[in-house]
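First comes the structure, then the notes that go with it.
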Amino acid sequence: MEICLAGKRALVTGAGKGIGRATVKALLACGAEVIAVTRTQSDLDSLVQECPKILTICADLSNWEATEKALKDIGRVDLLVNNAAVALLEPFLEMTEGAIDKSFDINVKAMLHVSQIIAKGMKCRGAGGAIVNLSSQASQCALKDHAVYCATKGAVDMLTKVMALELGPHKIRVNTVNPTVVMTAMGRIGWSDPAKASGMLSRIPLGRFAEVEDVVNTIIFLLSDKSAMITGTALPVDGGFLAS
Ligand code: NAP
């Protein structure tokens, strides 16, 4: 299936590493113009070396005012990928206020805020748009030491449904992608221990973790007109984990 996004302008958060970085490259390959947003300048510098045509914005999206300032003159955006997040793993009884606040600030509050800014522009222009929010299998299944991460991703799934409900009349589609483990920097935090990894693998019917490409292909599909009638849904990229 060929997907052409020529003429579209896309914004990706958390574009410095992992899934976000690969999404930037896939969007470019589909012909979109891309704005890459993340908080580490050196990641943007190396990304520009690989992809000279992109626009970059360095901002800590967990800071409300910094986000307003960074995105106020962003111009037209047709496609938004809310990908930036952290995974701070702690046993439930030892969870700290700092980790809880940090997790909700970026995983949920920043997603809502960036979406507000971008969706207001989409609504004003009246040409619609598509938003993909990165959730996780952890939104729907309890994982040890993941209490706050699971809670943020559960919030992402419900936030997405309400966004779909309220933005649908403006022809803006909103969906989540819910991956299983992907061995990015974030994936390695939780799943580098072979004993832990094999426990998770044994619960995935397809018997492997997701590759970055598996997730990126799904994001691109949900951004494209090939999914024109899909909104408000959570699409697992989990090899069947949530079905088992
Ligand atoms: P990653 O490799 O850790 O990359 C996350 C990116 O987000 C980094 O570039 C990071 O920048 C950026 N970011 C974090 N906090 C930020 C902030 N406050 N402001 C701006 N940028 C910020 O993660 P990933 O594995 O690619 O994950 C991408 C998405 O997929 C996340 O939403 C994650 O929850 C979800 N997901 C991942 C997995 C997995 O196993 N990897 C599974 C399911 C879902 P810095 O490095 O500079 O902080």
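Remember, it's 1-based here, ligands and their atoms both numbered in the order they're listed. Because the structure is a prediction, the values reported are computed rather than measured.
Other residues sharing the hydrophobic cluster of L93, ordered by chain and number and joined by side-chain separations under 4.5 Å: F92, M95, I100, F104, V108, V148.
A ring pair (Phe, Tyr, Trp, His ring centres under 6.0 Å) check over residues 125-144, counting only residues at least two apart or in different chains, returns nothing.
Side-chain contact check for S227 and R173: at least one donor-acceptor pair (N or O, by modelled atom type) lies under 3.5 Å.
More than 12 heavy atoms of other residues, nucleotides or ligands sit less than 6.0 Å from atom NZ of K25.
Ligand 1 lies under 4.0 Å from heavy atoms of G14, G16, K17, G18, I19, T38, R39, T40, A59, D60, L61, S62, N83, A84, A85, I106, L134, S135, S136, Y149, K153, P179, T180, V181, V182, T184, A185, M186, G187.
The CE atom of M163 sits 10.0 Å away from the CG atom of N175 when rounded to the nearest 0.5 Å.
Remark: N133 engages N82, T160 in a side-chain hydrogen bond (donor to acceptor under 3.5 Å, both in side chains) (not counting sequence neighbours).
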